[in-house]
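Counting convention: from 1, in listed order, for ligands and their atoms alike. What you see below is based on every heavy atom in this structure, not just the backbone, and it leaves out hydrogens, waters and symmetry mates.
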Amino acid sequence: MRNILEHPEPLSGATYSAVELMPGDAQLLMMDQRLLPSEEKYLTLTRAVEVADAISRLVVRGAPAIGIAAAYGLVLAAREAPRDSGEFIESLRPAASALRRTRPTAVNLAWALDRMMRAACDAAALAPEVRVGLLAAEARAIHREDVAACVAMGKVGAAHVGDGATVLTHCNAGALATGGYGTALGVVRAARSQGKRVKVVACETRPVLQGARLTAWELSRDGFDVTLITDSMVAQLMRRGGVDLVVVGADRVARSGDVANKIGTYGVACLAHAHRIPFYVAAPWSTVDLACPDGAAIPIEQRHEDEVLSFAGAVVAPAGVRADNPAFDVTPARLVTALFTERGEAKPPSEETLAALAH
Ligand code: MRU
């Protein structure tokens with residue numbers, strides 16, 4: 001991976017982007033989100049193995065964004081594939097498996113890789129340059145469709161945001177976590193574009209601070225009124241009447257309507273329920289996993305304990321103390337007021353309401 005300062009031209013039309021395949025299909029530009037908010041720096045990646053490593057290390061994160069990054073990763077793998085069409089698919093499988101293994105909870109990752117492998121099968125008999133071009137077109141289509149889905153679900157969700165509302169969100173489900181525009185933050189963007197005044201409260205989101213570093217960065221950059229709180233302040237803020245609604249993203253929505261999202265989301269949902277505050281989830285249909293029966297069947301990624309044992313590079317616990325670090329939790333469907341998708345809303349999410357959107 002090479003550090004570069006040059007800026008891609010985002011496919012979303014925004015002024016920054018999580019990931020972008022450059023013209024020529026040989027270089028993937030990825031914003032290094034670990035450096036935000038201090039530095040806005042893009043890395044150039046040319047191999048699928050580098051993309052897998054970047055996803056594991058949270059250079060890029062957020063369910064839709066890692067699906068898009070993995071799709072572009074397979075384009076890079078296709079460039080290295082043998083010319084022989086018989087060996088083409090087999091040669092892509094190790095890259096697809098390495099990408100798939102990086103983060104197990106976000107179903108968008110497996111969804112995007114499955115779609116790319118189907119496109120690869122269709123392209124296998126063609127000339128190598130044509131194959132790569134077709135795969136690049138498919139990956140860009142995944143990227144473009146995600147932006148469109150965010151804009152569409154934003155409109156669906158904005159109908160629930162009143163003028164002057166304060167929206168609480170957890171983690172980062174914004175432009176940085178998607179092809180652009182965002183899911184939860186797409187709802188906020190859509191509400192503003194409808195002329196509503198909207199304020200956002202962002203939970204800092206321990207252990208790696210996606211709320212403080214990323215949500216606060218992209219909202220303040222776009223001129224939103226954003227207030228940062230520590231995760232432990234949610235209950236008190238809700239009791240004081242400081243939150244009108246909660247909108248979060250999702251890494252996987254099971255057939256039952258149970259939702260996996262960043263660790264801490266379940267706690268926010270319980271608090272919203274206790275204070276009679278609507279709790280909404282915004283996610284593209286690629287996050288809905290109808291093959292997964294319920295929350296108990298969602299694999300929860302366990303990350304390294306060092307993320308909890310240290311903070312901003314400083315050790316915060318005595319030597320020898322162990323830490324637990326599940327990256328996600330599951331909010332039961334009964335705590336979710338509605339799920340916003342590009343197909344409409346599931347209110348509340350359930351096997352029946354999701355089936356109605358499935359066609
Ligand atoms: O560990 P992360 O930063 O990848 O977790 C991200 C989240 O939990 C997001 O809320 C989710 O992926 C939805 S992003 C539109």
Side-chain angles (χ1 to χ4, degrees), residues 12 18-19 30-34 36 54-70 102-112 143 146-147 149-154 157 167-189 202-219 231 246-253 259-269 279-289 298-304 307-308 325-331 336 339-342:
S12 68
V19 64
M30 196 179 270
M31 192 196 282
D32 190 344
Q33 298 191 26
R34 298 168 305 178
L36 286 172
I55 294 173
S56 302
R57 292 173 190 270
L58 309 185
V59 173
V60 62
R61 29 63 53 202
I66 62 178
I68 294 162
T102 53
R103 304 207 64 193
T105 306
V107 74
N108 307 62
L109 178 62
W111 171 86
H143 190 163
D146 186 66
V147 179
C150 286
V151 172
M153 87 184 69
V167 178
L168 182 139
T169 192
H170 187 69
C171 194
N172 172 261
L176 290 167
T178 60
Y181 201 75
T183 57
L185 299 191
V187 172
V188 171
R189 288 192 165 93
C203 298
E204 64 172 352
T205 319
R206 267 290 273 159
V208 295
L209 303 179
Q210 291 93 332
R213 296 186 305 100
L214 309 178
T215 294
W217 179 82
E218 68 168 82
L219 288 179
D231 301 335
V246 176
V247 188
V248 296
D251 282 77
R252 194 185 296 234
V253 178
V259 174
N261 191 49
K262 177 52 55 195
I263 190 75
T265 302
Y266 173 42
V268 173
F279 179 91
Y280 297 111
V281 176
W285 196 252
S286 55
T287 304
V288 176
D289 183 4
I298 299 177
I300 299 295
E301 175 187 0
Q302 190 71 21
R303 291 190 61 83
H304 200 283
E307 289 180 347
V308 174
N325 190 12
F328 302 97
D329 59 26
V330 174
T331 298
V336 181
L339 169 71
F340 307 139
T341 80
E342 70 275 31

*Could I get the full list of ring-ring contact (aromatic ring centres under 6.0 Å, His included) partners for Trp217, not counting sequence neighbours?*
Tyr16

_Point-to-point distance, once rounded to the nearest 0.5 Å, from CG of Leu176 to CG of Leu185_ = 9.0 Å

What does the contact table look like for ligand 1 (nitrogen or oxygen on each side, cut-off under 3.5 Å)?
residue, atom, partner, partner atom, Å
ligand 1, 1 (O), Arg103, NH1, 3.4
ligand 1, 1 (O), Arg103, NH2, 2.8
ligand 1, 1 (O), Lys262, NZ, 2.8
ligand 1, 3 (O), Arg61, NE, 2.8
ligand 1, 3 (O), Arg61, NH2, 3.3
ligand 1, 3 (O), Gln210, NE2, 2.9
ligand 1, 4 (O), Gly62, N, 2.9
ligand 1, 4 (O), Arg103, NH1, 2.7
ligand 1, 8 (O), Asp251, OD1, 2.9
ligand 1, 8 (O), Asn261, OD1, 3.1
ligand 1, 8 (O), Lys262, N, 3.2
ligand 1, 10 (O), Asn261, OD1, 2.6
ligand 1, 12 (O), Ala63, N, 2.9
ligand 1, 12 (O), Asp251, OD1, 3.0
ligand 1, 12 (O), Asp251, OD2, 3.2

*Measure the CG-CD1 distance between Leu109 and Ile68 for me, rounded to the nearest 0.5 Å.*
11.5 Å

*Roughly how far apart are Cys203 SG and Leu209 CG, rounded to 0.5 Å?*
12.0 Å

Let me have the donor-acceptor pairs involving side chains of residues 59-67, under 3.5 Å, with sequence neighbours excluded, atom names and distances please.
residue, atom, partner, partner atom, Å
Arg61, NH1, Gln33, OE1, 3.2
Arg61, NH1, Asn172, OD1, 3.0
Arg61, NH2, Asn172, O, 2.8

*asked:* So, using salt bridge (charged side-chain N to carboxylate O under 4.0 Å, His left out) as the criterion, who are the partners of Asp289 when residues are at least two apart?
replied: Arg252

